[in-house]
2 protein chains.
Amino acid sequence: MTADTRELVRSTALRLFRERGYAKTTMRAIAQEAGLATGLAHYYFPTKDHLVQELYLDVNLEHARAAQAVLDGGGDLTARFRAVLHASVDAFSEYHGFGAEFVTVAIRPGSAASPFSEDSEGARSMGLHLYEQVVAGADPAVPAHLRAELPELLWLAQLGMTLFWVYDSSPGQRRTRTLIDGVAPLVGRLVRLSRLPVLRGASDDVLALVRAVRA
Amino acid sequence: MTADTRELVRSTALRLFRERGYAKTTMRAIAQEAGLATGLAHYYFPTKDHLVQELYLDVNLEHARAAQAVLDGGGDLTARFRAVLHASVDAFSEYHGFGAEFVTVAIRPGSAASPFSEDSEGARSMGLHLYEQVVAGADPAVPAHLRAELPELLWLAQLGMTLFWVYDSSPGQRRTRTLIDGVAPLVGRLVRLSRLPVLRGASDDVLALVRAVRA
DNA sequence: CTGCGATTTTGAACACGTTCAAACGACGGA
DNA sequence: TCCGTCGTTTGAACGTGTTCAAAATCGCAG
């Protein structure tokens, strides 16, 4: 495993993904563009999925970088959640069109690029960490009984939002933006209301359910 | 288009899907098993996705059939929603294992088997109709201001639940059952609470958001 | 420098989904 | 009966992701 060759394959693949999209970036094209034999790409990346995962990692890094600026700036839960979600759409934006193809690959259970796969451990913990910061840094503070589970729920919400984005063919994915601007205040409001006696039962049920399902 | 040949291809494909799963059911195997030339399967079903969609339709019919018995029996929103969800998991159950592969195909935007595709109009309206009945027949009645939008939201919840099921590798998909048993009462409770002044604002926001996003 | 095992690289080969030009066949009109 | 047309059927061919035996190259012990 020479790092140089691996990196050459990786960068060539990502460039072609950007230039041609997923389907038209064949393993043969990657190898040829890099001046290598067809089989060599498979030596460093067992399947095409593994190259998609590199893209997934790249986008997540970009997202984390952009989100960090926001997270350092304070704000309430709604504002922080909303900003991080918008940053996610921004990071993905240049891939809409064939982005759909990538998410399709990523969502396949067993795929290396799946957010739940072992191979995606890095990207996943990075994403979760983002939402831990969203919650931890919120002012006013998030109610204590929600602080443990909320980050993962917000991260899952981001995955759902990405799925929506994939299907969103409105110009500039305006509907996804609208969804974010609607969901973030709603989540903020429900978190605030969860302290009230009427809703305390429901929010406890949600948390119990999350724990039960995870087990 | 002779109906006989088409049906022969269809039934052979569905049988092989059941016996071998998605990946091992090649277009060549379907044609060979049916005693036809390779290309003929493509004459009746342009892509393999279209054959998966036949399976999707089959499962939806089975689900509708099973759910109907429940829907005719009355009950409150929680019970009806819960029963219909369980019936959905039942209908899918024999496909878990390679069911994941099918849902993967179905979720791809542009795929004929996508629940949002034109080709799936039949299966989609059938599913929506189920949840219209869930809402319309609930006793006590669902608050009037929710009656219009709730069926589609419940249908979307079913899609999400199916997605969860795909990833659920617990024995017998117990975690999905747990999720259903937790989510249904929660939805029932929130619908009831939505009448209260504190939550009336939030529930109106949800409905406004749904309408805004759809537009 | 030589030899040899391990690592890296090659490119032909395989099975797949899909396409398509050609062949076939049924059926109605002359 | 023959012909022509149109719907059906055939199977070879294409490009794909992936595999793999073989070749080339490297690293290092002697």
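What you see is a predicted model, and the numbers here were worked out from it, not measured in a lab. Computation of the quantities below employed the complete heavy-atom set of this structure, encompassing side-chain atoms and omitting hydrogens, waters and symmetry-equivalent molecules.
- Along DNA chain C, the nucleotide closest to A:Thr5 and the one closest to B:Lys24 are compared, and the more 5′ of them pairs with A:Thr5.
- Relative to the six-membered ring of A:Tyr22, A:Lys48 meets both conditions, a distance below 6.0 Å and an angle of at most 45° to the axis.
- A:Tyr44 comes within contact range of the sugar-phosphate backbone alone, with a heavy-atom separation under 4.0 Å but no base atom that close.
- In this structure, B:Leu40 atom CG and C:dG25 atom P are separated by 14 Å, rounded to whole Å.
- Taking atom CZ on B:Phe45 and atom P on C:dG17, their separation rounds to 15 Å, with Å as the unit.
- Between A:Phe102 and A:Phe17, the gap from one ring centroid to the other is short of 6.0 Å.
- The local environment of CZ in A:Arg174 is sparse, with at most 12 non-hydrogen atoms from other residues, nucleotides or ligands closer than 6.0 Å.
- A straight line from CD of B:Gln32 to P of D:dT10 spans 13 Å, rounded to a whole angstrom.
- The interatomic distance linking A:Tyr43 (OH) with D:dT25 (C1') rounds to 12 Å, in whole Å.
- Put simply, CE on B:Met27 is 11 Å from C1' on C:dC16, counting in whole angstrom units.
- For A:Leu36 and D:dA23, the CG to C1' distance is 16 Å, given to the nearest whole Å.
- Taking only side-chain nitrogens and oxygens, A:Thr38 never comes nearer than 4.0 Å to OP1 or OP2 of C:dA12.
- No N or O donor and acceptor, one from the side chain of A:Arg28 and one from the base of D:dG15, sit under 3.5 Å apart.
- Atoms NE2 (B:His42) and P (D:dA12) sit 16 Å apart, rounded to a whole Å.
- When rounded to the nearest whole Å, the span between OH of A:Tyr22 and C1' of D:dT16 equals 11 Å.
- Within a 6.0 Å sphere centred on CD of A:Gln32, other residues, nucleotides and ligands contribute 12 heavy atoms or fewer.
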